[in-house]
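Counting starts at 1 for both ligands and their atoms, following the listed order.
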Amino acid sequence: MSDYHITSFDDYKKVYTKSISNPESFWETLAEENFLWRKKWNKVVSWDFSKPEIKWFEGAQLNITENCLDRHLEQRGNKTALIFEPNNPDEPAKHISYRELHEQVCRFANVLKSRGIKKGDRVCIYVPMIPELAVSVLACARIGAVHSVVFAGFSANALAMRINDCDCSMVITCDGSFRGNKTIDLKGIVDEALQNCPGVTSVLVAKRINSDIKLKEGRDEWLQPLLDKAAPVCPAETMEAEDPLFILYTSGSTGKPKGMVHTTAGYMVYTAYTFKNVFQYSENDVYWCTADIGWITGHSYIVYGPLANGATTVLFEGVPSYPDFSRFWQIVAKHKVNQFYTAPTAIRALAKQGVAFVEGHDVSSLKVLGTVGEPINDEAWHWYDETVGKKKCPIVDTWWQTETGGIMITSLPGIIPSKPTFATLAFPGIQACLVNEEGEEIKGNNVDGRLCIKFPWPGMARTIWGDHQRFKDTYFTAFNDKYFTGDGALRDAIGNYRITGRVDDVIIVSGHNLGTAPIEDAINEHLNVAESAIVAFPHDIKGNALYGFVTLKESAEIEDFEAIRGEINQLISKQIGAIAKLDKIQFTSELPKTRSGKIMRRILRKIACGETENLGDTSTLLNPEVVEEIIQQRL
Ligand code: WT7
């Protein structure tokens, strides 16, 4: 056995023990034996969670694209790196080999350089799921520019905020995108955003939908002619281990999203190592993760992790329901997909459509099924296992976060047994623990608490862009000397973890993290709104949906409440994106508040979930009478 490829439960136990008892030598050997370095490190890890300061492989030099591309050229030059499956099933798929991908990345990197982008500059990438997205990410990494991918479903305001927060001087985008039977005017959204982004001097536009868009003189250029002219070779920039590789925004408990900063060497080692083992990838397998590269799942497990292992990775432009609900299984059959990784919300949506859409498609190539993004309920788990996996594919329920960079708690196919709704055991190197509210570790089994990590791992984020204090406050202050995940979890009789959900102001809807504060900020912009509070309630497909309690201004003279509901959701779409729209909006004369003026969300949460009997202690409320009114008018 090599530590890099875990093949049995005994292996796992040995590797895990070693990774905990001697982390330095464990990670050192892994890094040395499995990656290409230009210079070795002086120190494997140095850390101080009180600052916090975390450094992995300090002193080492490398370029991640040499690990993802160049080093495969000799053995795997003609192997397919990317399979692009378009939105429209009649459009042929594209197979891009490692050699071709290498050339495309080099050309793109040369275009970036020709437009003045250099090491350390931030580049915003607002591109749908087409090959140019993966290529532009790698092109940035090639020359040491820091990519900040913004999911192409975000609104102009959300995009502008992210562009300005990290001072991007360039935006890479597309004329528009296909999504099911719709087209989306991406360039129009970019133009609107850029009205508020004075720092952006260059916009590169890929062509996808051939719409009639306008290029702004002196700022916008079509990408393809530049690529055609660019040289097909571009030397990879030498990067320090701790140079930032990318920024990716995630929601937090204030209005401003957090730009999580990931650095080069540790992220590479961690994503590659987890990919190999969690999916048990072997050389000729075809692997497909249905996430968007706009989220961390796509960064780590469509692009970097698979390519660092020389894998074949599918990039799907479309949606599971177009042209009908069998699309996923058609694609699995077409490309003989071996590992399939998706989100519980997709599984629930497909399960609702019944088995007929799966039957009739040959999914016998599947070996491993994965899930990520939110807790998977028992019913969805069994549907996945029986209908898709035919009870022969282990399910890996992978718990992790944008902040962790890679998978942290998971079963391993055929190695660590799955248990429905449990993420199971910590991956090698991950010292997970549960703590009580006082921050004391809860030892033993059959316990629950807040999930923390006691020791650094190479893939963890190093800071929040421009706000190190917030990084410290959010993750390292609640529980002394530990990274706090924001999740609650329980540990069963034999040590398996089950993630029970967020314990902070973040709500996960269809696998997307949404902070309540930014949504409330958007609602409160409505001229007639005095204040609002957002809580989650269970939804059979989305997992959670949003319930808004909204108090209108006394001065407001409203005739059409439906119209206001529509306007509120429009504001949310505009400020954040359609994913954050509310399913229910209840107007209230007041919100229940404590004497110190804090909204009592605990009560609203219960009412939204239909638990109107045991509301707990309401004696500290300033306005207890309003609770009865809210219950009566519950939607
Ligand atoms: C939050 C992180 C990491 C990729 C996608 C989400 C929840 C994630 C699981 C899982 C239960 C999960 C947690 C976590 N979550 N995976 N397997 N079981 N909950 O990344 O947007 O940063 O969200 O997603 O609550 O904290 P993210």
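- Between Tyr273 and Phe427, the ring planes are perpendicular. Angles over 60° get that label, and only those under 30° would be called parallel.
- The cationic atom of Lys482 (NZ for Lys, CZ for Arg) does not lie both less than 6.0 Å from the six-membered ring centre of Phe479 and within 45° of the ring axis.
- For atom 18 (N) of ligand 1, the choice among Gln401, Glu374, Arg498 with the nearest heavy atom turns out to be Glu374.
- Side chains of Tyr249 and Thr402: a donor-acceptor N/O pair is absent below 3.5 angstrom, by distance only.
- Within the 4.0 Å heavy-atom cutoff, Gly373 counts among the residues contacting ligand 1.
- Only the side chain of Ile296 comes within 4.0 Å of ligand 1, judged by heavy-atom distances.
- Contact annotation: for Thr402 versus ligand 1, heavy atoms closer than 4.0 Å belong to both the backbone and the side chain.
- For His512, no heavy-atom contact with ligand 1 is shorter than 4.0 Å.
- The option from Trp399, Trp400, Tyr497 that lies nearest to atom 3 (C) of ligand 1, judged by heavy atoms, is Trp400.
- From the protein, the heavy atom lying nearest to atom 26 (O) of ligand 1 is Asp487 OD2, 2.5 Å.
- Donor-acceptor pairing under 3.5 Å is recorded for the side chains of Thr342 and Thr290.
- Neither the backbone nor the side chain of Thr404 has any atom closer than 4.0 Å to an atom of ligand 1 (non-hydrogen atoms only).
- Taking the six-membered ring for Trp and the full ring otherwise, Tyr483 and Trp457 have centroids separated by under 6.0 Å.
- Using 4.0 Å as the threshold, Ala423 has no heavy atom nearer than that to any atom of ligand 1.
- With a 6.0 Å radius and a threshold of 12 heavy atoms from other residues, nucleotides or ligands, Glu379 has its CD atom at or below the threshold.
- Between Phe340 and Phe328, the two ring planes are perpendicular [angle over 60°; tilted spans 30° to 60°].
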